[in-house]
Amino acid sequence: MKNKKVVNVLLGVLALLLVVGMAYQFTPNVGSLFRGGQQGTPALKVNGQTVTTQDLEALRRGFPALAGLESGTLADDFKTFLVAQKARQVLLTQAAQDINVSRADVNAEVQKVREANNLTDNKAWTDALQGAGLTDAAFRQQTREQLAVNRKVEEIQKAAKPATDAEAQLYYELHPQSFQTDARIVGREIVVNDQAKAEALLKQVKGGADFAQLASQNSTEFKDRGGALGPVENGSPRPVAQVALPSEVGTAAFALTQGGVTNVIPSGGKFYIVKVEKYLPPQTKPFADAKADAVTAVNEQKKNAAVEQWLTGLEQNVKIEVLDPKWKTVNPTVASVAGQNIPYSDVVTQVVQNQQVVSLVGQMGDQAGQLINGILKPQIVEQLIQGYAAPTIVKQRGLALTGVRQELAAGLAAYGARNVQVTDADIQKYYLQNGKQFQTPASATVSEASFADRNKALTFRQNWNGQGDFTTAATQAGGTVSERGEVRPGTPDAPGTLEQPVEAAVFTAKTLRPVGEGSLSDVVKVGNRYVVAYVTDLKRASVQPLAAVRDQIRQQVLTQKRQEVGQTYLAQQVAALGPVNNLQKVLAAQQQRVAAETPKTPTPPASGEQGNAGTSGKNGTATEPAGGNSKAAPVTPGGTTNR
């Protein structure tokens with residue numbers, strides 16, 4: 001167990017170098033972690049440096065969901081990914097050879113690993129390394145290389161030019177949601193320690209009593225300022241953000257966007273009533289107030305872009321020599337735009353790093369390839385084309401956009417949608433078309449008393465006045481009680497808990513009879529029995545008025561329109577560059593090549609069998625003929641661009 005633990009830690013320490021939000025996998029010579037040296041079967045040479053089969057197999061084991069694929073297009077993709085990633089790891093290590101890492105730095109990093117795994121004892125550390133096939137020297141060399149690459153990246157980032165005023169200004173204009181103030185309210189509260197007292201005070205408030213006066217007389221908090229949530233200035237409370245209130249109280253108060261008074265809200269052993277005098281929605285800060293944050297964001301983008309450009313330059317000059325035919329891969333140009341060729345390995349990198357793909361392969365194996373080829377890869381290629389085209393478009397238009405390729409593409413889309421407006425007609429249309437989104441369904445707590453005789457049920461309903469326990473009273477009257485708990489009306493998609501006659505009597509009928517703290521329904525027939533429902537905590541279905549959700553709808557519609565307009569603008573700009581998409585040709589060629597490389601093992605037909613269009617899978621189960629449709633959930637691009 002200890003050995004397994006240290007292996008996981010070592011892989012965790014050495015496996016990932018996160019650069020500009022993209023998973024640049026960095027595992028220099030990670031295969032040596034499993035053998036403690038450079039011995040092994042040579043598979044590749046990357047710029048003259050040997051990569052062994054053991055190196056590649058070690059990298060393969062880092063992707064257990066895909067490691068078992070032995071044939072088919074997905075296995076071919078995975079091999080292309082492994083070779084490309086291993087080449088990148090070697091390039092990074094080679095590029096960082098000029099970085100000095102002291103023995104003390106390495107020792108400190110190793111010590112962190114040992115302490116994190118409770119391996120400070122030298123024998124325990126040595127035993128753990130040996131059990132994993134490691135040596136202390138090999139691990140320290142890996143650590144040295146990792147630190148060198150990290151410092152190389154930091155060095156490149158520090159050399160990036162700082163943000164200009166024009167870049168910060170444009171970033172601010174295209175990302176207004178990043179510079180908004182929090183919503184605030186002007187209001188007062190009454191806080192007491194007794195729920196009954198709180199309910200009585202709420203009744204007075206609803207009857208027209210002065211809220212500030214009641215707060216001054218009764219509240220345990222802020223009574224000296226009439227319950228004002230913020231300090232009173234010029235006769236009015238200062239606005240406060242939601243964090244100024246307990247969670248439950250803040251949620252209820254900030255839902256009153258048109259003002260009003262909350263119900264009694266319990267929180268932390270106290271009972272709150274909040275009066276919202278004015279709701280102040282989020283607003284975009286002036287540029288003068290937001291400039292510092294905008295400059296910081298642009299500086300980060302420019303640092304990331306510098307690293308992306310550096311890595312792109314390294315990969316453009318890489319020389320890969322295949323030593324073992326088993327590791328020969330085909331990495332054609334899948335698309336080209338603005339004089340740049342996009343390698344197929346960029347596509348498969350995103351496929352492998354997409355968690356939905358991992359899940360899909362776990363369910364379907366290599367059969368997932370058809371779905372991935374038909375849905376996911378076309379989406380990835382279009383995104384890559386946009387990313388590769390973005391720097392050229394930005395330069396042609398003279399825009400002060402910054403960032404890595406995909407950030408530039410997103411910036412162009414935002415620029416194209418910068419003048420989008422939302423009209424009152426847009427808001428009204430959305431409200432009418434999405435009415436269910438603004439509905440609060442009815443609910444109630446229900447207990448049912450079921451009687452075999454209708455007259456007994458009627459008598460019970462007429463005579464019980466809510467005194468005592470409902471279950472006891474109904475049982476004494478000859479009924480059988482079933483507690484349904486909190487229930488809601490059923491829908492066509494989700495039937496309710498109650499039988500339809502009872503549900504109608506509770507939520508639809510207007511004849512509920514008030515008793516005690518609840519009410520009784522009419523007597524309704526359910527099968528051969530007669531049921532009376534005891535209803536408490538009844539809340540009728542309600543619809544939020546348009547005025548209460550106008551701001552919410554405006555933001556939703558604005559976001560949607562910006563996405564649509566922005567993507568249209570970006571697509572038009574990219575199309576003007578005449579991109580070439582070779583994906584279908586690449587996939588067709590891969591299919592033929594993989595089929596030719598797959599060993600043919602004909603199975604003799606069973607006695608009397610004349611053959612059919614399909615084939616038999618394992619255990620005699622039928623498999624679908626090639627080209628058949630497989631139903632599965634759609635896969636969306638989840639990875640980020642890798643080179």
Side-chain angles (χ1 to χ4, degrees), residues 19-22 24 84 88 156-157 159-175 297-318 331-347 349-350 377-419 562-583 585-586 637 639-643:
V19 182
V20 301
M22 296 183 288
Y24 288 130
R88 168 173 290 168
I156 293 168
Q157 289 179 324
K161 294 181 179 180
T164 66
D165 287 347
E167 290 167 343
Q169 177 74 46
L170 185 57
Y171 185 91
Y172 165 81
E173 293 173 359
L174 299 184
H175 301 83
V298 171
N299 282 336
E300 287 303 309
Q301 286 188 333
K302 298 185 81 169
K303 290 177 182 179
N304 294 339
V307 175
E308 182 182 67
Q309 292 167 8
W310 168 66
L311 185 55
T312 298
L314 293 179
E315 293 184 324
Q316 285 177 343
N317 299 317
V318 65
N331 190 17
T333 295
V334 73
S336 58
V337 63
Q340 301 177 88
N341 293 330
I342 305 173
Y344 183 60
S345 56
D346 274 16
V347 179
T349 294
Q350 291 202 29
K377 287 181 182 177
Q379 296 177 12
I380 291 175
V381 172
E382 288 301 322
Q383 290 181 355
L384 288 171
I385 290 173
Q386 291 177 352
Y388 273 76
T392 298
I393 298 170
V394 169
K395 185 176 180 180
Q396 288 177 345
R397 299 193 61 82
L399 300 176
L401 291 172
T402 61
V404 298
R405 287 189 289 262
Q406 292 300 334
E407 286 176 327
L408 291 176
L412 283 169
Y415 179 81
R418 67 195 184 284
N419 295 323
R562 280 176 173 168
Q563 289 176 344
E564 293 172 353
V565 174
Q567 281 303 310
T568 299
Y569 173 83
L570 178 58
Q572 291 172 345
Q573 296 297 314
V574 173
L577 297 177
V580 176
N581 187 335
N582 299 319
L583 176 63
K585 292 180 180 179
V586 169
T640 48
T641 306
N642 280 256
R643 278 300 309 268

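What you see is a predicted model, and the numbers here were worked out from it, not measured in a lab.
Between Gly387 and Pro391, the shortest heavy-atom distance links the atoms O-CD, 3.2 Å. Here the closest non-hydrogen pair linking Asn582 and Thr333 is ND2-O, 3.5 Å. The nearest pair of heavy atoms linking Ala84 to Ser345 is CB-CB, 3.9 Å. Minimum heavy-atom separation, Ala160 to Ala306: CB-CB, 4.2 Å. Closest of all the heavy-atom pairs between Gln396 and Leu577 is NE2-CD2, 3.8 Å. Contact detail for Ala338 and Thr392: the closest heavy-atom pair is CB-OG1, 3.4 Å.
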Leu401/Leu174 under side chain to side chain contact (heavy atoms under 4.5 Å, CB included): CA gap, chis, key distance, verdict:
CA-CA 10 Å; Leu401 291 172; Leu174 299 184; 3.6 Å; yes

Any chance you could lay out the side chain to side chain donor-acceptor pair (under 3.5 Å) test for Gln169 and Glu173, step after step, and finish with the verdict?
CA-CA 6 Å; Gln169 177 74 46; Glu173 293 173 359; 3.0 Å; yes

Give the intermediate values and the outcome of side chain to side chain contact (heavy atoms under 4.5 Å, CB included) for residues Glu167 and Lys302.
CA-CA 10 Å; Glu167 290 167 343; Lys302 298 185 81 169; 3.1 Å; yes

Hey, mind stepping through Gln386 and Gln567 against side chain to side chain contact (heavy atoms under 4.5 Å, CB included) and telling me if it holds?
CA-CA 10 Å; Gln386 291 177 352; Gln567 281 303 310; 3.7 Å; yes

Are Gln350 and Gln383 close enough, and set up right, to give a side chain to side chain contact (heavy atoms under 4.5 Å, CB included), and what steps lead you there?
CA-CA 11 Å; Gln350 291 202 29; Gln383 290 181 355; 4.3 Å; yes

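Taking the side chain as every heavy atom from C-beta outward, Val347 and Val381 approach each other to under 4.5 Å. A heavy-atom distance below 4.5 Å is found between the side chains of Gln157 and Asn304.
Interatomic distance, Lys161 NZ to Thr402 OG1, rounded to the nearest 0.5 Å: 13.5 Å. Atoms CG and OG1, from Asn317 and Thr312 in turn, are 11.0 Å apart once rounded to the nearest 0.5 Å. With values rounded to the nearest 0.5 angstrom, Glu308 atom CD is found 11.5 Å from Gln301 atom CD.
Between the side chain of Asn331 and the backbone N or O of Tyr344, at least one donor-acceptor pair lies under 3.5 Å. In terms of modelled atom types and a separation under 3.5 Å, the side chain of Asn299 and the main chain of Ala163 share a donor-acceptor contact.
With Tyr415 as reference, Leu399 is the one residue of Leu570, Leu399, Ile393, Val394 to meet the side-chain contact (heavy atoms from CB on, under 4.5 Å) rule. The side-chain contact (heavy atoms from CB on, under 4.5 Å) test with Ser336 is passed by exactly one of Asn341, Asn581, Ile342: Asn341.
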